[in-house]
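Accompanying notes for the structure given below.
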Amino acid sequence: EMAKSSQLLDNEALRAYATYATIVLLKMMLMSLITAYFRITRKAFVNPEDAASFGKGEGAKKYLRTDQDVERARRGHLNDLENIVPFLGIGLLYALSGPELSTALMHFRIFAGSRIFHTLAYLIPLPQPGRGLSWAAGYAVTISMAYKVLKTVLYL
């Protein structure tokens, strides 16, 4: 039988997941704005129509270039896509698998904190291994949740 929406709202782990999923999605959306900010302030574009906003004809060509800050923001955003998307799917299944609330909160908080720290480490930039460790923490959390889902559902 399909769960009623009121039953889903009673699932505290699912509510915690919704909270932290929203936080990391908003953080990922912020990366788009940061990339756009760097593109505009550094006048570094990849599309001719964007460069045309700052110059015409041959004058616009100098704005068709790469920039270190733009590329760092883009790589951070790409890393978010590679890590937050799996978290969204696995985290939802995990929240629906009946975990203890304290354990679920620990997983979600570590993941969100690691992604926020990863972004700061990428943009500032902070020396390694900070960024690498923050990536590994978030990745490990996602693997841990996946294991719990498989263990619960498939009795592994």
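Since the structure is predicted, the reported quantities are computational estimates derived from the model, not experimental observations.
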Evaluate Tyr63 against Asp50 for side-chain contact (heavy atoms from CB on, under 4.5 Å), listing each step before the verdict. CA-CA 9 Å; Tyr63 301 118; Asp50 298 333; over 6 Å; no
Might you work through the side-chain contact (heavy atoms from CB on, under 4.5 Å) test for Leu88 and Leu25, ending with a clear yes or no? CA-CA 9 Å; Leu88 294 174; Leu25 284 169; 3.6 Å; yes
Does the side-chain contact (heavy atoms from CB on, under 4.5 Å) test come out yes or no for Ile84 and Phe111, once each step is laid out? CA-CA 9 Å; Ile84 291 174; Phe111 184 83; 4.1 Å; yes
Is there a side-chain contact (heavy atoms from CB on, under 4.5 Å) between Thr19 and Phe108 once you walk through the steps? CA-CA 9 Å; Thr19 300; Phe108 301 150; over 6 Å; no
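Under the 4.5 Å side-chain contact rule for hydrophobic residues, Ile116 and Met106 share a cluster. In the hydrophobic clustering of this structure, Ile143 does not group with Leu105; members are Ile, Leu, Val, Met, Phe, Trp, Tyr whose side-chain heavy atoms approach within less than 4.5 Å, directly or through other members. Note on Ile34: it does not cluster hydrophobically with Leu26, by side-chain heavy-atom contacts below 4.5 Å among ILVMFWY residues. Note on Val85: it does not cluster hydrophobically with Met145, by side-chain heavy-atom contacts below 4.5 Å among ILVMFWY residues. Each of Met31 and Leu78 belongs to its own hydrophobic cluster when Ile, Leu, Val, Met, Phe, Trp and Tyr are linked at side-chain heavy-atom distances under 4.5 angstrom.
Heavy-atom minimum distance, Val70 versus Ala44: CG2-CB, 4.3 Å. Shown here for Asp67 and Arg65, the closest heavy-atom pair between the two residues is OD1-NH1, 3.9 Å. Contact between Leu126 and Leu120 at its shortest, heavy atoms only, is CG-O, 4.5 Å. Nearest approach of Gly138 to Ser114, heavy atoms of both residues: CA-OG, 3.2 Å. Nearest heavy-atom pair across Leu14 and Ala95 is CA-CB, 3.8 Å. Taking both residues in full, the closest heavy atoms of Ala121 and Arg72 are given as O-NH2, 4.3 Å, listed atom of the first, atom of the second, then distance.
For CD of Glu49, the number of neighbouring non-hydrogen atoms (other residues, nucleotides, ligands) closer than 6.0 Å is greater than 12. For Phe54, the CZ atom sits in a packed shell: over 12 heavy atoms of surrounding residues, nucleotides or ligands are nearer than 6.0 Å. Under a cut-off of 6.0 angstrom, the local environment of CD in Gln128 is crowded, with over 12 non-hydrogen atoms contributed by other residues, nucleotides or ligands.
Two residues are said to be in side-chain contact when any heavy atoms from C-beta on lie closer than 4.5 Å; Tyr94 and Thr103 meet this criterion. In this structure the side chain of Asp80 reaches within 4.5 angstrom of the side chain of Thr119, judged on heavy atoms. In this structure, the side chains of Asn79 and Arg115 come closer than 4.5 Å at one or more pairs of heavy atoms. For the pair Met29 and Leu33, the minimum side-chain heavy-atom distance is 4.5 Å or more. Side-chain contact between Glu71 and Arg74: present, with at least one pair of heavy atoms (C-beta onward) separated by less than 4.5 Å. The side-chain heavy atoms of Tyr20 and Ile23, taken from C-beta on, include a pair separated by under 4.5 Å.
Under a 3.5 Å cut-off, the side chain of Ser144 and the backbone N or O of Ala140 do not form any donor-acceptor pair. Judged by distance alone, with hydrogens and angles left aside, the side-chain atoms of Lys43 form no donor-acceptor pair with the main-chain N or O of Arg39 at under 3.5 Å.
Take Glu82 and apply the salt bridge (Lys or Arg N to Asp or Glu O under 4.0 Å) test, not counting sequence neighbours, and it matches no residue.
From Lys62, atom NZ reaches atom CZ of Phe45 across 12.5 Å, with rounding to the nearest 0.5 Å. Taking OG1 from Thr41 and CZ from Phe38, the interatomic distance works out to 6.5 Å, rounded to the nearest 0.5 Å.
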